[in-house]
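Data first, discussion second: the structure below is written as structure tokens.
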Amino acid sequence: MSKKFYITTAIPYVNAAPHIGFALELIQTDAVARYHRQKGDEVFFLTGTDENSLKNVLAAEKEGLTVQKFVDRNTKRFIELGKVLNISNNDFIQTTAKKHFIGCQKLWQATKSKDIYKKKYKGLYCVGCEQFYAEKELVDNKCPEHQTKLQVVEEENYFFRLSAYQDKLKKLIKSDEYQIMPASRKNEVLSFIEMGLEDFSISRSQARAKNWGVPVPGDQSQVMYVWYDALSNYITALDYDRNGKNFKKFWPADVHIIGKGIIRFHAVYWPVMLLSAGLPLPKKLFVHGYINIAGEKMSKSLGNVVDPFVLVEKYGSEVVRYYLLRYIHPVQDSDFSLEKLEAAYQADLANGLGNLVSRVAGLIEQNKVKIKQDKQDKQDKQFDQIIESFSFDQALKYIWDKIAALDSLITTTKPWELAKAGKKAELSKILNQAANGIFQISQLLKPFLPQTAEKIEKIFTTKQIKKGEPLFPRFEK
RNA sequence: CGCGGGGUAGAGCAGUAGCAGCUCGCCAGGCCCAUAACCUGGAGGUCGUGGGUGCAACUCCCACCCCCGCAACCA
């Protein structure tokens with residue numbers, strides 16, 4: 001019996017080229033999606049881009065392009081990133097899509113009328129940050145980020161009655177009805193809620209938004225606050241606008257995967273928006289950590305931004321996938337470095353997996369042993385449990401322990417001696433065991449390293465097993 | 001008194017009361033089937049600091065020091 005499984009990444013805004021952090025999110029999400037497909041679930045995996053952010057408008061202005069041209073061009077890079085990383089998403093939402101606009105407006109209208117109200121707001125606004133600042137936050141009366149003077153903006157906006165949902169939301173999260181993982185993030189959210197939720201603005205004036213964004217239904221002077229529209233992507237992509245069959249089938253989401261920076265929107269705003277509109281809540285929110293470079297935050301000003309395209313070009317997608325899943329901690333921040341990536345390649349992929357495959361395939365080829373496929377599907381509860389908890393690093397460790405066990409098996413049973421001694425039956429038994437062990441490894445590996453898994457599968461399912469080329473040649477010193 | 005995460009072998013991490021562990025790196029031995037790969041063993045840590053509770057503390061309690069985030073719109 002197949003279950004439906006709906007999984008999403010966050011949608012990054014496209015004012016700059018995609019960076020390695022988003023690559024991590026794509027790869028993690030892809031691993032979970034592929035895992036569920038392998039289990040026979042009907043999977044819908046969504047990713048996309050947020051094109052309505054004012055930051056896009058500002059970036060476009062800088063380059064002298066129309067906003068639409070700018071976002072189209074930049075979104076291409078994100079689509080391209082998915083391709084080069086071999087990401088198996090079923091759809092890619094761009095929030096300038098018509099169905100997204102209509103869907104957002106439908107959600108707005110479905111929201112309980114008492115939850116949306118108009119309020120005058122006056123504050124100091126920084127266009128660069130796209131945000132209001134409190135006076136005590138300023139440095140020399142200037143924006144702490146941009147060192148520019150702030151504008152006094154006064155306008156009437158729509159507000160959402162978040163405060164009314166405080167108790168209800170707390171209960172839903174505490175009980176794991178909407179499960180936030182890991183637990184430390186759940187606690188963080190709960191303590192945030194306990195501090196008290198304030199109503200938040202869900203629109204801005206057309207002028208301030210520079211006429212870019214989703215218009216508020218029935219009020220041409222306002223566009224939706226970009227997060228209101230961005231979060232809606234998870235349902236608009238499923239054709240919520242016309243209550244399409246994907247929406248009926250796949251909503252609510254089984255998992256949203258996001259980075260720690262946007263936890264509030266997903267853990268607080270989004271569920272409440274849905275509650276007010278009478279829609280079911282997503283089941284899980286998984287929050288991953290960030291990638292640091294030599295202990296420092298990645299940033300353009302530091303000049304330490306890692307370009308995922310360059311990595312893939314140099315090492316290949318499988319190596320990048322492996323490194324990010326195995327050595328970037330799923331929930332804590334971790335350091336990224338080329339040295340570590342290369343060490344992982346050499347030790348785990350070349351010496352470990354690659355060598356084992358050559359080793360066993362070579363022994364089989366030389367001794368012309370017949371391999372009988374062990375066809376039965378091995379259930380592995382422990383492995384399932386590891387993946388359910390998003391412990392990608394441990395999942396790979398688990399697989400690599402099996403690789404080591406097979407190496408150890410070969411070393412201790414010495415098939416080459418059995419061959420010399422003419423002990424055919426015993427030789428065949430050992431090599432069958434090894435071959436089937438590798439086959440099993442390839443199955444476990446599929447969600448993580450799909451291409452490599454397939455190559456291994458091919459080698460060990462052909463009639464005449466041949467050694468062939470190394471999967472991961474060692475780097476020359 | 002803002003909130004959170006962290007400080008365990010050269011590096012990266014696991015370990016929540018009972019002889020301090022894993023991976024990489026390093027050293028020695030074995031093997032010779034394999035991509036100079038693989039296997040075994042070894043060196044290397046007063047578990048941030050100071051107190052407390054316990055028969056027993058990396059693990060619980062208290063205080064302090066250091067690092068890194070967040071503090072309503074950054075993957």
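Scope of the values below: all heavy atoms of this structure, side chains included, with no hydrogens, waters or symmetry mates. Lettering follows sequence order; numbering is per chain, from 1.
- In this structure, B:G54 is classed as syn because its glycosidic torsion stays within 90° of zero.
- Under the ring pair (Phe, Tyr, Trp, His ring centres under 6.0 Å) criterion, A:Phe309 pairs with no residue, sequence neighbours left out.
- Proximity of A:Arg474 to the phosphate of B:A37: a side-chain N or O atom is located under 4.0 Å from OP1 or OP2.
- As rounded to the nearest Å, B:G44 and B:G54 have C1' atoms that lie 31 Å from one another.
- Between A:Gln332 and B:A14 there is a side-chain polar atom (N or O) within less than 4.0 angstrom of OP1 or OP2.
- Within the 4.0 angstrom heavy-atom criterion, only backbone atoms of the sugar-phosphate kind lie near A:Tyr13; the bases stay farther away.
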Quick one: what's the B/S/- string for nucleotides 23-28 of chain B, heavy-atom cutoff under 4.0 Å, read 5' to 3'?
-S----

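- The base of B:C73 is paired with the side chain of A:Tyr225 by a donor and an acceptor separated by under 3.5 Å.
- Of the side-chain N and O atoms in A:Gln366, one or more sit less than 4.0 angstrom from OP1 or OP2 of B:A34.
- Taking the ring axis of A:Tyr158 as reference, the NZ or CZ atom of A:Lys119 does not stay both within 45° of it and closer than 6.0 Å to the ring centre.
- Across all strands, A:Gly354 comes closer than 4.0 Å to base atoms (heavy-atom distances).
- In this model, no side-chain donor or acceptor of A:Arg359 finds a partner on the base of B:C38 within 3.5 Å.
- Counting non-hydrogen atoms under 4.0 angstrom, A:Pro473 reaches a base of the nucleic acid.
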